[in-house]
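One structure below.
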Amino acid sequence: MASKNYYDVTEWKVGNPYEDIGEVINSIIADIKSRQTEKDRNEEGKPGAVIYIPSGDYHLRTQVIIDISYLKIMGSGHGFTSSSIRFNTSESDLSRWHEVWPGGSRVLVELKPEDGDDGGSGAAFYVKRSGDPRISSVEFENFCIDGLHFVDDGSGNHDPENTYMNGKTGIYIASAQDSFRITGMGIIYLEHGVVSYNADAMSIHDNFIAECGNCIELRGSGQASKITDNLIGAGYNGYSIYAQNFGGLLITSNNVFPRGTSSVHFDGVVRSSVTGNRFHSFYPGMLVMTGNCSENLVSSNHFLRDHEPWPPMQGYDNGLDDRYGLIRISGNYNSVIANHISETIDTQYIKPTGTVPVIIHVVAGKGNYIANNHIVTTTESKETDYSVETQTAMLQDEDACFSAQVGALLTIDRLKALDAVAVLVEKEAMQNVVLDCGSESQVVMDRTVNVFRAIPEIGL
């Protein structure tokens with residue numbers, strides 16, 4: 001017997017899901033609310049419902065408003081493919097491609113956001129409910145939210161598809177909530193992928209959230225949530241993972257790749273863990289702690305910073321220089337333990353010219369414990385040829401972006417040591433412990449007010 005609480009958007013009586021899936025889903029939610037009115041009868045209540053989106057392209061011209069608990073919106077495929085590569089490929093080459101747009105169960109966001117807001121007006125899915133209890137157990141699973149295009153940012157570059165700006169958001173959760181799940185999604189070409197305020201026990205797991213201005217933003221405050229097993233990559237002017245005033249956040253087993261202005265940014269985050277991730281960035285400021293972050297654990301991660309190898313994106317960066325630090329800490333009693341940190345970059349790309357790059361930078365705070373981090377800094381003994389001819393060849397390569405990035409990752413045979421400051425502890429920071437992260441000359445700190453143990457040097 002078919003359940004009354006299972007809806008297929010292609011079979012619903014109101015609207016055309018291919019022309020405006022937002023209108024259809026809003027009508028379904030209205031039907032759920034009209035049928036599920038009793039909150040307590042024979043220990044039964046409002047079970048919620050499942051809304052299914054089959055494979056296909058569904059334009060969204062009306063924002064979906066979610067104000068009921070226990071709602072699951074699910075599809076049949078996250079459908080991710082790189083729109084960034086597509087929009088930086090010539091029309092003649094595109095004519096030979098097998099496909100040019102994302103697929104799966106694909107929602108095409110065609111909203112017109114209001115100027116100056118924080119992404120709410122341009123959100124495909126907007127979740128908000130006041131009163132008690134908090135809205136709970138809303139799930140998004142296994143479909144694609146595609147912002148389609150970025151827009152000109154007024155910078156004069158006349159390069160709209162590389163601005164990472166369009167005012168659009170995939171999922172915007174505006175009110176306090178409990179036990180939300182975002183799983184198996186493909187979220188692409190939106191200025192904001194996922195924005196959540198006041199999250200509790202949220203799970204963001206096994207998604208592909210990339211080529212968005214910002215990927216995951218946990219704002220307001222929150223607790224006891226996790227970001228796990230995702231593939232993530234934001235734009236050069238946005239966050240890959242951002243958390244604000246959070247406690248008990250677990251970030252683990254993610255592959256966070258360029259080009260986010262940071263891989264992880266904590267603002268006022270406490271007693272949280274960043275473990276077992278792979279972070280790759282083209283800029284300084286990979287992991288940043290601001291706002292008196294305290295008692296966080298950063299351990300067993302692999303950090304890699306190198307230079308953007310793909311010609312179309314080499315003119316963009318996050319504006320930070322190499323004195324900023326790959327890991328930057330402002331706070332107390334944080335532990336940065338047993339990470340592998342690699343920086344491999346030609347000296348011509350270090351900013352300002354002649355600067356010695358800083359790897360771990362303790363800006364302020366006390367009681368931070370930084371130990372047993374393996375820091376490898378290298379440069380190429382022969383500079384990579386980025387001549388006009390080489391760049392033209394890369395652009396004509398059918399897999400130019402993939403080839404450039406993989407080639408850069410696998411280049412190890414021409415590397416030599418690069419001078420760097422392994423750990424810099426500013427004078428405002430005291431009572432910190434730095435053990436076995438660099439030699440005597442590689443760690444800069446006031447050793448009268450901080451604890452230091454050097455890695456022994458050969459022959460000394």
Side-chain angles (χ1 to χ4, degrees), residues 118-120 127-128 133-140 169-183 187 192-207 209 212-230 232 234 238-254 256 260-277 279 285-301 327-337 339 362-365 367-369:
D118 64 350
V127 184
K128 185 175 183 180
R134 298 167 294 174
I135 189 169
S136 298
S137 300
V138 175
E139 302 181 46
F140 301 88
T169 302
I171 299 167
Y172 190 103
I173 307 165
S175 58
Q177 86 279 173
D178 190 14
S179 61
F180 274 42
R181 290 176 181 258
I182 300 172
T183 306
I187 299 178
H192 304 273
V194 176
V195 177
S196 177
Y197 282 86
N198 305 326
D200 188 357
M202 169 177 274
S203 174
I204 301 176
H205 176 76
D206 195 26
N207 302 283
I209 308 175
C212 292
N214 304 268
C215 291
I216 299 171
E217 299 165 79
L218 303 182
R219 296 188 172 274
S221 61
Q223 67 171 349
S225 297
K226 68 186 185 76
I227 300 171
T228 55
D229 287 301
N230 300 285
I232 299 171
Y239 302 111
S240 289
I241 299 172
Y242 175 85
Q244 181 181 43
N245 301 324
F246 227 92
L249 178 61
L250 174 64
I251 298 176
T252 192
S253 298
N254 299 286
V256 181
T261 191
S262 60
S263 300
V264 175
H265 188 122
F266 280 175
D267 182 11
V269 172
V270 301
R271 296 168 182 156
S272 296
S273 298
V274 181
T275 58
N277 301 281
F279 298 127
M286 295 181 68
L287 189 150
V288 179
M289 296 186 188
T290 60
N292 197 29
C293 291
S294 297
E295 298 181 47
N296 297 294
L297 172 65
V298 179
S299 182
S300 302
N301 302 286
I327 298 174
R328 186 178 177 93
I329 299 170
S330 179
N332 305 310
Y333 305 109
N334 299 289
S335 296
V336 181
I337 305 170
N339 299 283
V362 181
V363 180
N368 295 294
Y369 184 79

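Taking the six-membered ring where the residue is Trp, Tyr172 and Tyr197 present tilted rings, their angle falling between 30° and 60°.
Checked by atom type and distance alone, the side chain of Ser272 pairs as donor or acceptor with a backbone atom of Gly248 at under 3.5 Å. Listed for the Asn301 side chain is no donor-acceptor partner under 3.5 Å among the backbone atoms of Asn339. No donor-acceptor pair closer than 3.5 Å links the side chain of Ser136 to the backbone N or O of Ser179. In terms of modelled atom types and a separation under 3.5 Å, the side chain of Ser262 and the main chain of Gly260 share no donor-acceptor contact. Formation of a donor-acceptor pair under 3.5 Å by the Thr252 side chain with backbone atoms of Thr275 is found in this model. For the pair Asn368 (side chain) and Gly331 (backbone), a donor-acceptor distance under 3.5 Å is present. The backbone N or O of Gly222 lies less than 3.5 Å from no partner atom in the side chain of Asn198, so there is not a single donor-acceptor pair.
Under the 3.5 Å distance criterion, with hydrogens and angles disregarded, no donor-acceptor pair is assigned to the side chains of Ser263 and Ser240. Using a 3.5 Å distance cut-off with no hydrogens or angles, the side chains of Glu139 and Thr183 do not pair a donor with an acceptor.
Under the salt bridge (Lys or Arg N to Asp or Glu O under 4.0 Å) criterion, the residue pairs touching residues 219-230 are Glu217-Arg219, with sequence neighbours excluded.
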Tell me, with the steps shown, if Leu249 and Phe266 meet side-chain contact (heavy atoms from CB on, under 4.5 Å). CA-CA 10 Å; Leu249 178 61; Phe266 280 175; 4.1 Å; yes

side-chain contact (heavy atoms from CB on, under 4.5 Å) between Val127 and Gln177, worked out: CA-CA 9 Å; Val127 184; Gln177 86 279 173; over 6 Å; no

Evaluate the side-chain contact (heavy atoms from CB on, under 4.5 Å) criterion for residues Tyr369 and Ser335: first the C-alpha distance (whole Å), next the side-chain angles of each, then the deciding distance (0.1 Å), finally the verdict. CA-CA 5 Å; Tyr369 184 79; Ser335 296; 4.2 Å; yes

Candidate pair Cys212 and Ile187, rule side-chain contact (heavy atoms from CB on, under 4.5 Å), full reasoning: CA-CA 8 Å; Cys212 292; Ile187 299 178; 4.0 Å; yes

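The distance from atom CZ of Arg271 to atom CD of Gln223, rounded to the nearest 0.5 Å, is 12.5 Å. Annotation: the span from Thr228 atom OG1 to Asn254 atom CG amounts to 6.5 Å, rounded to 0.5 Å. To the nearest 0.5 Å, the span separating CG on Asp267 from OG1 on Thr290 amounts to 4.0 Å. Atoms NE2 and OH, from His265 and Tyr239 in turn, are 5.0 Å apart once rounded to the nearest 0.5 Å. The NE2 atom of His192 sits 14.0 Å away from atom CD1 of Ile216, with the distance rounded to the nearest 0.5 Å. Within the model, atoms CG of Asn245 and CG of Leu218 stand 11.5 Å from one another, a figure rounded to the nearest 0.5 Å.
Nearest heavy-atom pair, Met202 versus Ile173, reported as atom, atom and distance to 0.1 Å: CE-CD1, 3.5 Å. Residues Val264 and Ile251 come closest through the heavy atom pair CG1-CD1, 4.2 Å. The two residues Ala234 and Gly238 have their closest heavy-atom pair at CB-O, 4.1 Å. The shortest heavy-atom contact between Val270 and Asn296 is C-OD1, 3.3 Å. Asn292 and Ser294 make their closest contact through O-OG, 3.3 Å (heavy atoms, listed as atom of the first residue, atom of the second, distance). Of all the heavy atoms in Ser175 and Ile135, the pair that sits closest is OG-CG2, 4.2 Å.
Side-chain contact between Ile171 and Phe180: absent, with no pair of heavy atoms (C-beta onward) separated by less than 4.5 Å.
Each of Asn207, Asn277, Asp206 was checked for a side chain to side chain donor-acceptor pair (under 3.5 Å) with Asn230, and the lone residue meeting it is Asn207.
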